[in-house]
Structure formats: structure tokens, C-alpha cells
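Before any comments, here is the structure.
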Amino acid sequence: MNSVSIVLILLLAVVMSGAIARMLPLAIPRPLVQIAIGAAIGISGTFRATLEPEIFFLLFLPPLLFLDGWRIPREELLKDRTTILALALGLVLFTVLGIGLFIHWLIPAMPIAVAFALAAVISPTDPIAVSAIAQRVPIPRRMMHILEGESLLNDASGLVCLRFAVAAALTGTFSLYDAALSFLWMAIGGILIGGSVTWVVTRTKEAISRRYGEDGGSQILISLLIPFGAYLLAEAFHCSGILAAVAAGITMGFAETSGPVLAVTRIRRNTVWDMIQFAANGIIFVLLGEQLPEILAGAADTVRVTGHHTPWWLLGYVVAITLGLAALRFAWVWVAFRMTLFRQGQATATPSVRTVSAMTFAGVRGAITLAGVLTLPLATADGSAFPARDLAIFLAMGVIILSLVAGSIGLPMLLHGLQMPVDISVKADDDRARVAAAEAAIAEIERVQHSMAEGRKDADLYVAAAGRIMDEYRDRIESRSQDAETSTLARRTDKIEREMRLAALRAERTEILRKVRARKLGSETARKIIRELDHLEARYAG
């Protein structure tokens, strides 16, 4: 019962964080609110959550990484692949080496392998925290795609580096040759296993659905099990479960384009995954806050590891490490953007300092960093305590909090009015796709009309119904096939019409609910009508 109570308290804290974040007059990111609520719980002594690092890793990382891979826009990922790879792989290695050596120089009492392990866990960025910070100042679309792609890959690369650093700390030895071979085995094996698990499961599911029909609940449950299956299978073969979860998510995105799924299943599945993402990320930050008082209480003991006597040194170390991360990220982003401009034939152009600064502030650490640092072993192979583990956890938590605070202050100011280069082909692709879909719909309506009306005396009813539907599609084709000025006007008209439709749907729902309260309409009928209105509102609001 104690475990059940802890889970319920954590979920309640996550729910409260969303409400409190919306009530605050300032744009305080939700992760900071969740950390504060967790700290309040920790101070009150309501409960003490203790998780084994491996269990913590298994519970939270596979679904989050899987969902990132599943939902990332693959086309946008490919367009900016050079920049994303430079940030996700090059910057991670640069950070691990640079910050690892810096931490060991700053705190000589921390073994260099542990310093590299700490550098590895603070290297991945967290786009969810960035989105929460910038919720009142929208991030330019292209920048957000770059940040999403970077986070998707640097989660894996940073945590793989963590595994090697921990292994070196446990064994006391490190071989670059063996590490390179192990990395290739872990990376290639993890990617192949993750992709294969998703492909086999989705193809089997589709074959069963085609023959025996689709069960929406089973479809959703299968999507929940895939990341855990890929992760556990990869770990069983001593490959990277992290990369397996990422590869499984990316493969899921490709598999969806070839396998039909009922619309209602997609809607329900998206809702379930949104809830899981919200709850899992929220619980991680609440746990961070809940453990913070205990770690602060032990700060006096922790600081002795550094050779000092006052806990204020720990704050200084956190600030120094955070500034070091920002400096390395600024330099790397500037060089990466400079190389991109050079390849585009703009050899004399220089990157915008404002854009580079925004990308630097966007390097917020979050859930992945916390999950990674908590997986540090409690003991070495001989049973002795893992060296400087509490110090590493404290510094990682400090970097998370300080980066969140700095990002919540600096990023909105830098993003205000900032515009990234726009890909002009995106709108044209959107128009062509919608026109092609509308033309296919008209052709299918004509076919269905003739099939349904053939031999019937009331065939004119079918012709009239088909005519009304086809007129809507023809209007869509006409509005998307005009010149740029006319197309812009049509988009404005569509926006005005959409807002009016939304207002009308909300008025319908209000009236239905009023009739239910007045007992003039049955609840079953009301639920059916409201469900239809909700789907229409979701369509126009999207």
C-alpha cells in the first residue's frame, strides 16, 4: 500500500503543478513548479521515494525516448541533419571531454571517470523543458525541430557515454580500442533490435487486424509495450537499450504510413501517450524536488569530499559547471552555423549572435539528466561505496535547476520577435498534398455515388448529396491552387471561418449541457452529441 500511496501522491503533485503553473502571473516553466512541489513534499516528510537506478531507468526512459522518435518530423530532421548531428553527436563528445576535464580540474577529489560520467549525464538537453519555458513566446518552428532532433539523438549518445564512464569507474581501466568496439556493438545492435522489434510487432498486428478485425484497446496496449520490449531485448544482448527505444520510435513512425489504423484508435492512442508523457516527465521533476531536501541536508558531508568545509562551495561549482556548459555550447553552435552558411555558399556571412544565444539558452537540462544521474551505481564491484556519487547527483540537480531558471529568464527575451530562415517549399507542399487528397476524395465520391444510386428510384438524392460534398472539396482545390496573393487571402478567410465554426460548436455544446441540467435531454444522447462536437472542434482547432 505504501508504494501505491507514493504513486498516487506523485500523480496528484503533477496535476497540481499544471494548475499552479497556469495560475502564476509570471511564465514560470512547469518543471520548476514541479520541483518546488516535490521539495515541499520532501520537507514535510510525507513520504520518501527510493528507486533502484535500473528500475528508474527502465520505467521512465524507454517510453519517453520512444515517443520522441515516433513523433519527430522526419523530413525536417533530414533537412537540418548536418546541424542536428553536429549538435547531437559532436557537441556531446565535445561536452563530455571538455566538461569532464574541467570538473576534474575544478574538483580534484572527484575521480576522472566519475567526472566524465557526470559530464555525460549533463550533456543531453531537454526540449520539453524548453517548450514549457517558451509557452508564452512561441519558438520558431525550424529552431524547435533542430532542438527536437538534437535531443532525440543526444539522449542516446550522452547516456551511452555514461555507460562507458561508469564502467571505467567500476573497473579502474579504460581501453579506447575496446570502447570503440563496444560502442559499435551497442549502437548498431541497439538500432537493429529496436527497429526489428517494431517492424515485427506492427506487421503481425496488421495481419491479425486485416483477418479478424481491429481491437482499439489492444492496439494502444501494444504501442505501450513496444518500447519496453525493445529496451529489454537490447539489454539482454548487451546492446544499447536507449538506442533501441529511439530506433523503435522512429520505425513506428514509418510503420504507421503503411499500416491502416482506425481513426478512433489513433485519437485514443494519442490521448493515452500524451497523458503518459505528461505524467512521466512530471513525476521525474517531482522526484527531483522530493530528493532535494535530503541531498541539501547531506551537503555538509558531501562538501567534505571536495576538501572544503562550507556548502557554499557546492553552489559555486554548480554555477561554474553551468557557465562552462553554456560557453562550450555557444562556441559549438556558432561554428556549426558558420559551417552551414559556408556550405550554402555564404562564405562571408556570420551567424546571428541572437540566434546562437537563443540556441545556447535552449540547452536546458531536465528529465534525461536526472534519470541518468540516478542510475549511477550505489557500490563498486568490491562492495565499497561508489566514489563521489552524492556529489555527482547534487551537481547534476544543481545544473538542472540553474539551467531551467536561466532559460526561463533569458530564452523568452531572446525569442521575442526572433525569426529563423523559413523553408518556402513547406506551404507549397502543403497545398499540393491537400489538392491531391481533395481530388482523390472527389473521384471516390463519384464512384460511391454511382454504386449506391444504381437501379434506385431516388437516385437524385444520392446525386444531390454527392454534389454538396464535392462542392466543399472543389472549394478547397480552388483556394489552394491560386497565386500567392489569392492563396494568402484564402488562408485568412479559412482562419476566419474556422474561428466562427469553433464559436458555433461551443455554443452547441453549451446548449446541450443546459438541456441536460434542465433534464430535457437524456445523458446517453447528450454524450453522443458532445462526442461528435468534440471531434469536430478538435478538427478545426488543429
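What you see is a predicted model, and the numbers here were worked out from it, not measured in a lab. Keep in mind that the numbers below use all heavy atoms, side chains included, and drop hydrogens, waters and symmetry copies.
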Side chains of Lys528 and Glu532: does their closest heavy-atom pair fall under 4.5 Å? yes
Within the structure provided, determine whether Trp273 and Arg269 are in side-chain contact (heavy-atom separation under 4.5 Å). yes
Of all the heavy-atom pairs spanning Gly158 and Ser123, show the shortest one and how long it is. CA-OG, 3.8 Å
Do Ile276 and Leu224 have side-chain heavy atoms sitting under 4.5 Å apart? yes
Show the nearest heavy-atom pair for residues Ile41 and Ala13, with the distance to one decimal. CD1-CB, 4.1 Å
Closest contact, heavy atoms only, Phe60 versus Leu64: O-CG, 3.2 Å
Measuring from atom CG of Leu411 to atom CE of Met359, what distance do you get when rounded to the nearest 0.5 angstrom? 10.5 Å
Can a donor-acceptor pair be found, under 3.5 Å and without considering hydrogens, that links the side chain of Thr525 to the backbone of Gly522? no
Is any side-chain heavy atom of Arg365 closer than 4.5 Å to a side-chain heavy atom of Pro124? no
Side-chain touch Phe66/Val246, heavy atoms, less than 4.5 angstrom: no
Inspect the contact between Asp274 and Arg71 and indicate whether a charged nitrogen and a carboxylate oxygen are less than 4.0 angstrom apart. yes
Could you grab the distance from atom CD of Glu290 to atom CG of Leu10, nearest 0.5 Å is fine? 7.5 Å
How long is the span from the CG atom in Leu325 to the OG1 atom in Thr322, to the nearest 0.5 Å? 6.0 Å
What do you reckon, are the aromatic ring centroids of Phe254 and Trp70 less than 6.0 Å apart? no
Step by step, would you call Arg329 with Glu150 a salt bridge (Lys or Arg N to Asp or Glu O under 4.0 Å)? CA-CA 12 Å; Arg329 184 174 177 84; Glu150 176 195 3; 2.7 Å; yes
Counting N and O atoms only, with roles assigned by atom type, does the side chain of Thr251 sit under 3.5 Å from a partner on the main chain of Ala247, one being a donor and the other an acceptor? yes
Take Val14 and Phe285 through the test side chain to side chain contact (heavy atoms under 4.5 Å, CB included) and record every step on the way to the result. CA-CA 9 Å; Val14 173; Phe285 284 110; over 6 Å; no
Could you state the interatomic distance from OG1 (Thr198) to CZ (Arg203), rounded to the nearest 0.5 Å? 10.5 Å
Smallest separation among heavy atoms of Ala255 and Glu206, with atom names: O-OE2, 4.0 Å
Using side chain to side chain contact (heavy atoms under 4.5 Å, CB included), reason through Leu404 and Ile35 one step at a time and then give a plain yes or no. CA-CA 11 Å; Leu404 281 169; Ile35 291 172; 4.0 Å; yes
Any idea which heavy atoms bring Glu235 and Gly241 closest together, and the distance? OE2-N, 3.0 Å
First locate atom CG of Leu58, then atom CG of Leu232, and finally report the distance between them rounded to the nearest 0.5 Å. 5.0 Å
Under 3.5 Å, is there a donor-acceptor pair between the Ser209 and Gln219 side chains? yes
If you draw a 6.0 Å radius around OH in Tyr473, do more than 12 non-hydrogen atoms from other residues or ligands fall strictly inside? no
Any side-chain heavy-atom pair from Ile530 and Leu513 closer than 4.5 angstrom? yes
Can you tell me how far apart CD (Gln449) and CD (Glu444) are? Round to the nearest 0.5 Å. 12.0 Å
Between Ile267 and His535, does a side chain to side chain contact (heavy atoms under 4.5 Å, CB included) hold up when you go through it step by step? CA-CA 9 Å; Ile267 293 172; His535 280 83; 3.3 Å; yes
Is it true that a side-chain atom of Arg22 and a backbone atom of Gly18 form a donor plus acceptor pair closer than 3.5 Å? yes
Within-4.5 Å side-chain heavy-atom neighbours: Phe228 and Pro63: yes
Taking every heavy atom of Val516 against every heavy atom of Ala526, the minimum-distance pair comes out as CG2-CB, 3.4 Å
Just by distance, no angles: are the side chains of Asp68 and Ser151 close enough, under 3.5 Å, to form a donor-acceptor pair? no
Donor-acceptor check, side chain of Ser196 to backbone of Ile193, threshold 3.5 angstrom: yes or no? no
Under the side chain to side chain donor-acceptor pair (under 3.5 Å) rule, collect the residues that match up with Asp534, sequence neighbours excluded. Arg509
Yes or no on side chain to side chain contact (heavy atoms under 4.5 Å, CB included) for Leu24 and Val33, after CA distance, side-chain angles and deciding distance? CA-CA 10 Å; Leu24 294 175; Val33 177; 4.0 Å; yes
Could you check whether any side-chain heavy atom of Leu147 comes within less than 4.5 Å of a side-chain heavy atom of Thr125, counting everything from C-beta outward? no
